[in-house]
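The sequence lines fix the lettering, A, B, ..., with proteins before strands; numbering per chain opens at 1. Computed from a predicted structure; not experimentally measured.
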Number of protein chains: 2
Amino acid sequence: MDQKESGGRRGRPRSFDEQEVLQQVQEAFWKGGFEGTSIEDLTSATGLNRPSLYGAFGDKHALYIQTLRQYREATLARGRKILDEAPTLRTGLEDVYRAAIRIYSGHEEGRGCFVSSTAPPEALHDAAVRRELAATNDGLDAMFEARIARAQADGEACTDLPPSEAARIATAVLHSLSVRARAGASRRALHALAQSAVNLIAWTPGEGAADAAEDA
Amino acid sequence: MDQKESGGRRGRPRSFDEQEVLQQVQEAFWKGGFEGTSIEDLTSATGLNRPSLYGAFGDKHALYIQTLRQYREATLARGRKILDEAPTLRTGLEDVYRAAIRIYSGHEEGRGCFVSSTAPPEALHDAAVRRELAATNDGLDAMFEARIARAQADGEACTDLPPSEAARIATAVLHSLSVRARAGASRRALHALAQSAVNLIAWTPGEGAADAAEDA
DNA sequence: CTAATATTGTAACGATGGGTATGAAAATGC
DNA sequence: GCATTTTCATACCCATCGTTACAATATTAG
């Protein structure tokens with residue numbers, strides 16, 4: 001947290017915390033998208049002026065890429081932690097989806113996922129954004145796959161789809177929760193979708209899936 | 001197709017077909033998103049000049065809303081037709097996903113779904129766009145639900161989730177195919193996701209889902 | 001304290017954004 | 001043919017866009 005490292009950098013020090021500013025920038029892009037957010041939006045969101053933003057992070061595009069990366073790393077870390085600490089695949093999925101819905105439905109109207117709500121329009125003509133979007137999807141797939149593989153190895157209740165395939169379904173549900181949240185869907189509707197997905201993936205062979213849905 | 005109706009409208013007739021122009025406008029928005037597409041992009045995509053566009057369709061926002069509506073109606077009509085004509089739920093889902101992937105992966109890089117790739121960034125601060133996005137999601141849910149309900153009534157192979165819930169999963173897979181296509185995923189990867197989803201939803205109780213996946 | 005270095009605030013740059021005024025052109029009604 | 005009505009083409013309007021000079025300020029090295 002302290003910028004006085006060995007030697008110390010010469011010249012006037014920055015008057016802001018870069019991580020915090022990046023978070024505020026992400027918030028602004030989250031609301032307006034990349035093209036829909038102007039530099040002035042960013043300056044008023046961060047309290048910084050233009051030269052400070054450019055000096056610390058580069059131009060608007062570089063700034064956006066950095067927020068995409070930061071969001072992915074933070075999101076994957078949180079998701080992995082939730083899944084790892086959950087006693088079963090079922091509760092792990094439930095907890096991940098619950099956390100996602102809380103984020104996607106937060107603030108004014110539904111915000112959805114930062115990456116999948118703002119990156120797609122740019123991804124078609126911007127290879128760097130496309131790579132970030134792909135990396136986020138791949139990361140989510142791998143995150144779910146690891147937990148599903150563990151569940152199958154432990155003999156937990158689980159679909160007999162290969163872990164890689166079931167994981168992609170789990171990610172697909174996140175994609176849909178994001179789009180639906182952005183469309184204004186209620187938290188109740190989002191939770192219902194999530195629970196249906198859990199009942200398909202963390203499926204209990206003996207009992208029917210419909211039974212498992214009742215104790216939600 | 002002929003504009004000479006009873007009485008005929010006075011004044012100089014339009015030199016373009018409105019449906020065709022709307023299609024070209026949609027193409028432009030599909031590539032660049034709403035904020036990322038300028039009026040000049042639209043004029044060069046349609047061959048019309050600005051006053052003609054404004055006179056026939058209104059401003060940029062109205063134009064975008066109309067393309068969203070047109071896309072939804074065309075997409076739902078095609079999807080319903082495919083599902084209705086399919087002999088089983090399984091083949092119906094496969095055909096719908098195949099058609100979707102062909103559209104989503106078309107042109108240069110993957111374009112994804114027009115609505116879910118371009119509407120989300122605007123939906124947060126634009127109620128009209130949000131309504132269009134929600135209507136598209138609701139339409140897809142209803143489309144799948146009708147076919148799944150019919151399959152269950154006919155005693156077809158099918159998950160025992162309620163049709164409304166299974167339908168939302170089916171729509172979720174479309175959402176994910178769109179995001180992944182936009183991220184540059186291969187057609188092969190998209191087809192694999194679709195097939196996994198079909199194996200979960202149009203599930204054959206006797207055989208395992210893993211078996212059904214092999215003949216893809 | 002002095003010199004060197006980095007950040008800050010103000011202001012401006014050229015380019016492009018969405019939207020429109022203004023006539024010329026092309027059709028119909030009498 | 002003549003008046004009327006609608007569309008088409010050129011050009012323009014002002015606002016905002018992303019980006020950057022420039023000079024003042026604040027800090028460290030010596």
Please determine whether a side-chain nitrogen or oxygen atom of [X] lies at a distance below 4.0 Å from atom OP1 or OP2 of [N].
{"X": "A/S15", "N": "D/dA26", "result": "no"}
{"X": "B/N49", "N": "D/dA9", "result": "yes"}
{"X": "B/S52", "N": "D/dT7", "result": "no"}

* Toward the 5' end of DNA chain C, which comes first, B/D41 or A/R12, by nearest nucleotide? -> A/R12

* Under 6.0 Å from the CD atom of B/E18, do we count more than 12 heavy atoms belonging to anything else shown? -> yes

* With A/V96 via side chain to side chain contact (heavy atoms under 4.5 Å, CB included) - residues at least two apart -> A/I82, A/L83, A/F144

For [X] and [N], give me the distance from atom [atom1] to atom [atom2], rounded to whole Å.
{"X": "A/R14", "N": "C/dT8", "atom1": "CZ", "atom2": "P", "value": "7 Å"}
{"X": "B/R10", "N": "C/dT28", "atom1": "CZ", "atom2": "P", "value": "12 Å"}
{"X": "B/L53", "N": "D/dC8", "atom1": "CG", "atom2": "P", "value": "10 Å"}
{"X": "A/L63", "N": "D/dT19", "atom1": "CG", "atom2": "P", "value": "10 Å"}

* Should B/T171 and B/D141 be marked as a side-chain hydrogen bond (donor to acceptor under 3.5 Å, both in side chains) after you check the CA-CA gap, both sets of side-chain angles, and the distance that decides it? -> CA-CA 6 Å; B/T171 300; B/D141 288 341; 2.7 Å; yes

* Asked: Which pairs with one or both residues in residues 25-36 of chain B pass side chain to side chain donor-acceptor pair (under 3.5 Å), sequence neighbours excluded?
  -> B/E27-B/R111

* Asked: Under 3.5 Å, is there a donor-acceptor pair between the B/R168 and B/N137 side chains?
  -> no

Taking only N/O atoms, report every protein-nucleotides 18-21 of chain C pair under 3.5 Å with atom names and distance.
{"residue": "C/dG18", "atom": "OP1", "partner": "B/T37", "partner atom": "O", "Å": "3.2"}
{"residue": "C/dG18", "atom": "OP1", "partner": "B/K60", "partner atom": "NZ", "Å": "2.8"}
{"residue": "C/dG18", "atom": "OP2", "partner": "B/I39", "partner atom": "N", "Å": "2.7"}
{"residue": "C/dG18", "atom": "N7", "partner": "B/R50", "partner atom": "NH2", "Å": "3.2"}
{"residue": "C/dG19", "atom": "OP2", "partner": "B/Y54", "partner atom": "OH", "Å": "2.7"}
{"residue": "C/dG19", "atom": "OP2", "partner": "B/K60", "partner atom": "N", "Å": "3.3"}
{"residue": "C/dG19", "atom": "O5'", "partner": "B/Y54", "partner atom": "OH", "Å": "3.3"}
{"residue": "C/dG19", "atom": "O6", "partner": "B/R50", "partner atom": "NE", "Å": "2.6"}
{"residue": "C/dG19", "atom": "O6", "partner": "B/R50", "partner atom": "NH2", "Å": "3.1"}

* Asked: When the ring planes of B/Y64 and B/F34 are compared, do they come out parallel, tilted or perpendicular, using 30° and 60° as the limits?
  -> tilted

